[in-house]
Amino acid sequence: MGIKLSERVNKLAPSATLAVGRKAKELQAKGVKVLNLSVGEPDLPPPEGAKDAVISAVNANLSRYTDSRGTLSLREAICQRTKEDLRLTYSPNQVVVSCGSKHSLYNLFQSLLDPGDEVLIPIPYWTSYPEMVRLAGGVPVFVPAKSGYRVTPEDLEPFITPKTRGLILNSPNNPSGAVYEKEEVSAIADCLLKHKEVIVISDDAYQYFLYDDKNFCSIATFPGMGERTIIVGAASKTYAMTGWRIGWFLGPQELADAVAKLQDQSTSNPASLSQEAARAALSGNQGSVKKMREEFERRRRLLLERLAPVKGLTYCYPAGAFYFFFTHPDIKNSIEFAGRLLEEVQVALVPGIAFGMEGYLRLSYAVSEEVLSEAISRIITCLQKG
Ligand SMILES: Cc1ncc(COP(=O)(O)O)c(C=O)c1O
């Protein structure tokens with residue numbers, strides 16, 4: 001029977017990152033030893049405190065619905081961590097906890113956009129932004145960076161129109177690993193102060209993954225920007241709990257209420273046990289975060305050392321997150337090259353076209369040093385074949 005699907009879902013592009021990961025897993029299930037560097041998730045365990053909190057919650061029968069915005073104790077823990085780390089004050093009513101920050105972003109665009117409203121998306125971008133904007137009837141407007149991988153006010157200005165509702169800032173960036181310096185964020189804040197109707201969606205999924213002793217800089221900390229910024233936070237990467245699905249919205253009260261109303265009528269609260277895990281992780285000792293950052297910094301060093309001699313390799317300096325985004329004269333079509341890597345040397349990477357940059361590939365170094373080292377050797381072999 002031919003089931004008629006909605007136009008909305010017919011137009012939706014599949015997630016390229018998930019598709020590559022799925023293909024790699026299919027091959028692995030057939031016994032092929034694939035080195036999977038396509039998936040953006042830490043390979044380390046979540047903090048012990050978070051695991052204990054889940055076990056205690058199970059034993060205490062915390063099996064009921066919670067407040068649809070998330071438990072008060074988790075929302076308080078989010079506010080407290082934000083205060084400690086960013087010196088920004090929010091009330092628990094300005095927080096809405098969802099099933100991962102992906103869900104927070106989805107809710108946000110649904111609450112913010114009317115048909116034809118535009119959202120500025122700097123290139124390269126996380127693959128889900130454009131589709132989520134389109135699903136809400138909005139128009140993604142892609143902004144290339146004239147130099148490097150970070151946009152400036154000069155890059156943004158020509159794209160701002162009376163229909164522009166928001167700008168997505170994602171630093172550290174997926175896929176490039178680029179990190180905006182404080183002066184660069186300040187310049188963007190100054191530019192947006194001239195465009196009062198444009199809000200910033202600050203996707204801070206990787207805010208704790210900065211290397212070379214750099215500090216995270218939030219645009220919400222600049223004068224006049226707090227009330228115009230929505231912080232989208234995530235437990236997934238920071239606490240290595242991607243599967244437990246906890247993310248949150250932090251922002252102006254009226255928008256928080258709108259997002260909460262949408263969540264009330266769609267999914268209700270995220271899993272109560274996951275909320276307990278996130279509460280414990282956010283309010284407990286942050287040692288595991290530091291340990292993970294140090295581990296990734298070591299792997300990043302290995303990656304840069306091993307790839308330094310490769311002729312023709314161009315890349316974005318990986319200042320944060322756990323991705324390496326590179327190109328090479330032999331990579332003309334990124335889907336084709338990623339397919340070749342998988343077939344010929346069994347390494348899974350994500351084609352750059354999924355992030356708006358053809359000719360590039362994204363490698364995740366959130367894998368063991370052993371896997372990383374072997375994968376680099378295989379990638380070099382493939383590049384040297386031409
Ligand atoms: C930039 C960015 N934002 C948001 C997400 C969503 O993460 P989650 O839904 O697990 O919080 C991801 C996941 O890869 C990401 O890379």
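Just follow the structure's listing: the first ligand is 1, and inside any ligand the first atom is 1.
Protein heavy atom nearest atom 9 (O) of ligand 1, with residue, atom name and distance: R245 NH2, 2.8 Å. Of the protein's non-hydrogen atoms, K237 NZ, 3.0 Å is the one closest to atom 13 (C) of ligand 1. If you check which protein heavy atom lies closest to atom 7 (O) of ligand 1, you get S101 OG, 3.4 Å.
Here N170 has side-chain heavy atoms under 4.0 Å from ligand 1, and that is the only part of it that gets that close.
Here is the list of ligand 1 atoms found below 4.0 Å of a heavy atom in A234: 11 (O). Residue G100 approaches ligand 1 through these ligand atoms, each under 4.0 Å from one of its heavy atoms: 9 (O), 11 (O).
Contact check on R378 versus E374 returns a salt bridge, with a Lys/Arg side-chain nitrogen under 4.0 Å from an Asp/Glu carboxylate oxygen. In summary, K163 and E118 do not engage in a salt bridge, as defined by a charged side-chain N under 4.0 Å from a carboxylate O.
At least one N or O atom of K102 sits closer than 3.5 Å to an N or O atom of ligand 1. Where the criterion is an N or O separation shorter than 3.5 Å, residue side chain and backbone included, Y129 fails it with respect to ligand 1.
Remark: distances from the non-hydrogen atoms of S236 to ligand 1 include one below 4.0 Å. At a 4.0 Å cut-off, not a single heavy atom of W248 sits close enough to ligand 1 to count as contact. Residue H103 places no heavy atom under 4.0 Å from ligand 1. In this structure, T242 has no heavy atom closer than 4.0 Å to ligand 1.
Among the candidates I168, I160, V151, the single residue satisfying the side-chain contact (heavy atoms from CB on, under 4.5 Å) test with V143 is V151.
Put simply, CG on D67 and OG1 on T71 are 8.5 Å apart, with the number rounded to the nearest 0.5 Å. With values rounded to the nearest 0.5 angstrom, L282 atom CG is found 6.5 Å from L74 atom CG.
A distance of 6.0 Å or more separates the ring centres of F216 and Y208.
Closest heavy-atom approach to atom 12 (C) of ligand 1 within the set W244, Y323, Y125, W126: this belongs to W126. The closest non-hydrogen atom to atom 2 (C) of ligand 1, taken over D203, N174, D204, comes from D203.
The two residues P175 and F325 make their nearest non-hydrogen contact at O-CB, 3.5 Å. The shortest heavy-atom contact between S98 and S104 is CB-OG, 3.6 Å.
Below 30°, between 30° and 60°, or above 60°: for Y365 and F296 the angle between ring planes is above 60°, a perpendicular geometry.
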